[in-house]
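Report on one structure; see the data block that follows.
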There are 2 protein chains.
Amino acid sequence: MTSSSGPAGASVAVRIGTMESSSTTGGSTRREATRQKLYEAAVTLIAEQGFSATTVDEIAERAGVAKGTVYYNFASKSVLFEELLRHGVGLLTASLRDAAEQTAREGGSRVDALDAMVRAGLVFIDRYPAFTQLYVAELWRTNRAWQSTLMVVRQQAVAVVEGVLREGVAGGEFSDEIDVQLTAAALVGMVLVAALDWKSFQPERSLDDVHAALSRLLQGRVSGKG
Amino acid sequence: MTSSSGPAGASVAVRIGTMESSSTTGGSTRREATRQKLYEAAVTLIAEQGFSATTVDEIAERAGVAKGTVYYNFASKSVLFEELLRHGVGLLTASLRDAAEQTAREGGSRVDALDAMVRAGLVFIDRYPAFTQLYVAELWRTNRAWQSTLMVVRQQAVAVVEGVLREGVAGGEFSDEIDVQLTAAALVGMVLVAALDWKSFQPERSLDDVHAALSRLLQGRVSGKG
DNA sequence: GTTTTTGAACTGACTGGTCAGTGCAAAAAC
DNA sequence: GTTTTTGCACTGACCAGTCAGTTCAAAAAC
């Protein structure tokens, strides 16, 4: 009903990784491809309308499969959403960890690591804006079926930032008076909101541009003539 | 269905100000009181479950009024929600503006003004956590009925922060290379996410404590032994 | 007596989930 | 190498339940 005529896939969809499709494990490719299509369809629809307002019929239609196929691949609407959540945050966490480790490997400081993670976060949001949107919208809700799942994956992601902060404190690079947990949350929020604003209201700007602005803030280079 | 027996108001509800109830304008107080009860009921329920998942019956029950009363006071579920949104953000905006003006009146710097606004933000979130939750969950959604309303009120609030940043740049207190719009968004995000984390995961901590942590970050007092 | 609230019944549209059946490619049987 | 069987993946009409919104007579509240 919403989208008029063309039933051919919308192409705007956001790909959420490939898990372990090709290479070694043969695993039925057909099913995996269908699941992927369903993820892509669900992520944009739920980001736009929210979980409850998005119908399974819509997801199926957008993915170009029958409704029954959704239930053949996922136990329920909630399960589909939960797996989508787990999958997406898994990618983000891996990306953050990579950024931190690579910086360390190259002998960078902890601030460099933080900066690299800010960039990794921006790259992720740039690639999967709909997923990010959906994640933020659900994160602080309570009393929902997937709450525990959400908490687990959130903690995995935030822990990476906290880890770098703690190392920085231990190594004397950061003040030992900082509140690691709260600072980590604040940093995540900084990137999250700035990036969502970027995508929503100034999508034409480059990632480097946005990254530069956040770097400045991160390193306290705001005060002064510059 | 959800809450078991007790129909007597839950008391957890978040009061969303009083706008212009008392004082000069007499205005039928009775109706206003009913509206207030409906706001309180709606804000917590929608924060927890989302708009679509919250039924009008639930709202009425939680508010302790009949369903007909909801429709006597508001044209529709959406309208109730929109007015709630406008009302809440109006309060926040006023609070931020107050903080900035008061700092200026007392001869504080722009950093002081920013700091005061961070505190004002924390106070607001401390007082109306459910509203904040709901606001964040809806802010970046698209294709929804109240999208335009949301954009308007968002801009009002962010503009206050942007204003202070611009004044700071003009007065030479801030680098003229900062990106006002993006920096404002990042600051808002910093406070928003840190505060929601505070309320969700460390609710026992004091506001001053949280404010101190954010102040440190804001003023770049993170690096160094401290 | 006017305004506001009540509360229960009703409607019509919509939605998550089900299930009997279809299509088809590879394996098995011949 | 042709025919038959198998079973995975998918289909889409259908059902039972839910919900926003309506209606209205009667009761409260002012």
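Note that the coordinates shown come from a computational prediction; the quantities given were computed from them, not determined experimentally. Side chains are part of it too, since the values below use all heavy atoms of this structure and drop only hydrogens, waters and symmetry mates. Chain A is the first sequence line, chain B the second, and so forth, proteins listed ahead of strands; every chain is numbered from 1.
Ring geometry, A:Phe74 versus A:Tyr39: the interplanar angle falls from 30° to 60°, so the pair is classed tilted.
For B:Asp115, there are no salt bridge (charged side-chain N to carboxylate O under 4.0 Å, His left out) partners at least two apart in sequence or on another chain. Applying the salt bridge (charged side-chain N to carboxylate O under 4.0 Å, His left out) rule to B:Lys37 yields no partners; only residues at least two apart in sequence or on another chain are considered. For A:Glu162, the side-chain hydrogen bond (donor to acceptor under 3.5 Å, both in side chains) partners at least two apart in sequence or on another chain are A:Arg166.
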Apply side-chain contact (heavy atoms from CB on, under 4.5 Å) to A:Trp140 and B:Lys199, showing your working. CA-CA 10 Å; A:Trp140 293 284; B:Lys199 285 283 134 190; over 6 Å; no

Show your reasoning for whether side-chain contact (heavy atoms from CB on, under 4.5 Å) applies to A:Arg154 and A:Gln156. CA-CA 5 Å; A:Arg154 182 207 94 100; A:Gln156 286 174 356; over 6 Å; no

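Sequence order on DNA chain C of the closest nucleotides to B:Tyr72 and A:Ser76 puts B:Tyr72 first from the 5' end. Judged by closest nucleotide on DNA chain D, A:Thr69 is the one of A:Asp57 and A:Thr69 placed further toward the 5' end.
For A:Thr34, no side-chain nitrogen or oxygen approaches OP1 or OP2 of D:dA9 to under 4.0 Å.
Closest to the B:Ala66 side chain, of the nucleotides C:dG16, D:dT11, C:dG7, is C:dG7. Among D:dA20, C:dT5, D:dG12, the nucleotide with an atom closest to any side-chain atom of B:Asn73 is C:dT5.
Bending across the helix from C:dG1-D:dC30 to C:dC30-D:dG1, expressed as the angle between its end axes from five pairs apiece, amounts to 20° (10° rounding).
Among the protein residues, B:Ser78 comes within range of no part of the nucleic acid, since none of its heavy atoms lies under 4.0 Å from any strand.
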When you compare the protein's N or O atoms with those of nucleotides 18-26 of chain C, which come within less than 3.5 Å of each other, and at what distance?
none

Taking distance alone, no hydrogens or angles, what donor-acceptor pairs closer than 3.5 Å link side-chain atoms of residues 90-104 of chain B to residues at least two apart or in another chain?
residue	atom	partner	partner atom	Å
B:Thr93	OG1	B:Val89	O	2.9
B:Gln102	NE2	B:Glu106	OE2	3.1
B:Thr103	OG1	B:Ala99	O	2.7

